[in-house]
Number of protein chains: 2
Amino acid sequence: MMQDFIHSLREHNLKATPQRLAISAALYQNGHMSIDALYEELIRKFDSLSLATIYKNIHIMIENSFIQEVKIPHAKSVYELTKESHSHLVCNSCGLIEDIAVDLAPYFKQHPLKTTFKIEKSELVLSGFCSHCQNS
Amino acid sequence: MMQDFIHSLREHNLKATPQRLAISAALYQNGHMSIDALYEELIRKFDSLSLATIYKNIHIMIENSFIQEVKIPHAKSVYELTKESHSHLVCNSCGLIEDIAVDLAPYFKQHPLKTTFKIEKSELVLSGFCSHCQNS
DNA sequence: CTGGGTGCAAAGTATTTGCATGAAC
DNA sequence: GTTCATGCAAATACTTTGCACCCAG
């Protein structure tokens, strides 16, 4: 497992430091995490961890496409490991975020949008209530 | 025109102050503006305008559904007057933002979502290059 | 009038930067 | 050994708050 992260980090031109491995593992386990959540989790492993290290790593990992930022309506951004294109479900009650396999790119290819823009990417965020919050 | 904004503000339980009218007019003219852009534009009319006033108004206007925040990938949030549901096009080169009417219903008919979430809203942001930036 | 909005200054929070040390490769 | 990451402290940027005064309704 950790071996995979070491290789993956290096493939993205990132040195495999313990802090970066911990970020990778945390995102892998939790799916989506805010800066704060990451810090809270990692500080338990590295008692001298600096928030600046989190910020610096988040930035360089985004630049090198190792992770991606997801902007959530009415909430803080979260970060996730880069994977195949997908969309997000957000629970307005408990904040749960899930991936969902919606890739609109092929659809837009079949049904071109009326615009002069040359579209490269699409970001879709669906919000509502998760199964738990619907029943409580 | 200003009359319309006065009525619209009041319908949203907002007193029609000169500052709020100016925010309304600026958003109407420019479509989408960041906090900074709004401040830069309004300070020309109100030499003693406070940034705090912008922030306070943006918040209460969002709460009262008079405006909405749009989170843009890799950029600051912008704000727009509330109107019928629509999506956004963002130019990765010049930052231009345009509204676009995208109806995802046919897509979801073909590809029903597999989720236990009860979905209430969707936010779609398409990014790429506007016609001008494609040719330069 | 009266409630609520404004500007200002201060406080609070979030993010970035510079630098000396230390670790990855 | 060389390059680059880390932690710390300081700086900067962003946003919120409290309060006295003022304006919209």
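These values consider heavy atoms only, across backbone and side chains, with no hydrogens, waters or symmetry-generated copies. Given the structure is predicted, the values throughout are model-derived calculations rather than measurements. Letters A, B, ... mirror the listed sequences (proteins, then strands); counts begin at 1.
Close approach of DNA chain C to chain A, defined as any atom under 4.0 Å from a non-hydrogen atom of the protein, starts and stops at C:dA14 to C:dC25.
Using modelled atom types, no side-chain atom of B:Lys71 and backbone atom of A:Ser77 make a donor-acceptor pair closer than 3.5 Å. In this structure a side-chain-to-backbone donor-acceptor pair under 3.5 Å is missing from B:Asn64 to B:Phe66. Of the possible polar contacts, one joining the A:Ser87 side chain to the A:Val102 backbone as a donor-acceptor pair under 3.5 Å is found. For the pair A:Arg20 (side chain) and A:Lys15 (backbone), a donor-acceptor distance under 3.5 Å is present. Between the side chain of B:Gln134 and the main chain of A:Thr116, a donor-acceptor pair closer than 3.5 Å is present. A:Ser127 contributes no side-chain N or O that, together with a main-chain N or O of A:Asn92, makes up a donor-acceptor pair within less than 3.5 Å.
Look at CD on A:Gln19: it is 11 Å from P on D:dC8, rounded to the nearest Å. Between the CD atom of B:Glu11 and the P atom of D:dG25 there is a distance of 14 Å, rounded to whole Å. Distance B:Met2 CE to D:dA24 P: 15 Å, rounded to the nearest Å. When the P atom of D:dT3 is taken as reference, atom CG of A:Leu14 falls 18 Å away, rounded to whole Å. A:Leu21 places its CG atom 10 Å from the P atom of D:dT6, with the value rounded to the nearest Å.
Between A:Gln19 and A:Lys56 the shortest side-chain heavy-atom distance does not fall below 4.5 Å.
For the residue pair A:Asp99 / A:His88, a side-chain donor-acceptor distance below 3.5 Å is found, with atom types taken as modelled.
Take the nearest nucleotide of DNA chain D for B:Thr17 and for B:Asp36: the residue whose nucleotide is more 5' is B:Asp36.
Five base pairs at each end of the helix from C:dC1-D:dG25 to C:dC25-D:dG1 define two local axes, and these are offset by 60° (rounded to 10°).
Of all the residues in residues 37-75 of chain A, A:Ala52, A:Tyr55, A:Lys56, A:His59 reach under 4.0 Å from DNA chain C with at least one non-hydrogen atom.
Using cut-offs of 30° and 60° for the angle between ring planes, the A:Tyr107 and A:His111 rings count as tilted.
More than 12 non-hydrogen atoms from other residues, nucleotides or ligands lie less than 6.0 angstrom from NE2 of A:His86.
Expressed to the nearest 0.5 Å, how far CG of A:Leu104 lies from CG of B:Leu126 amounts to 8.0 Å.
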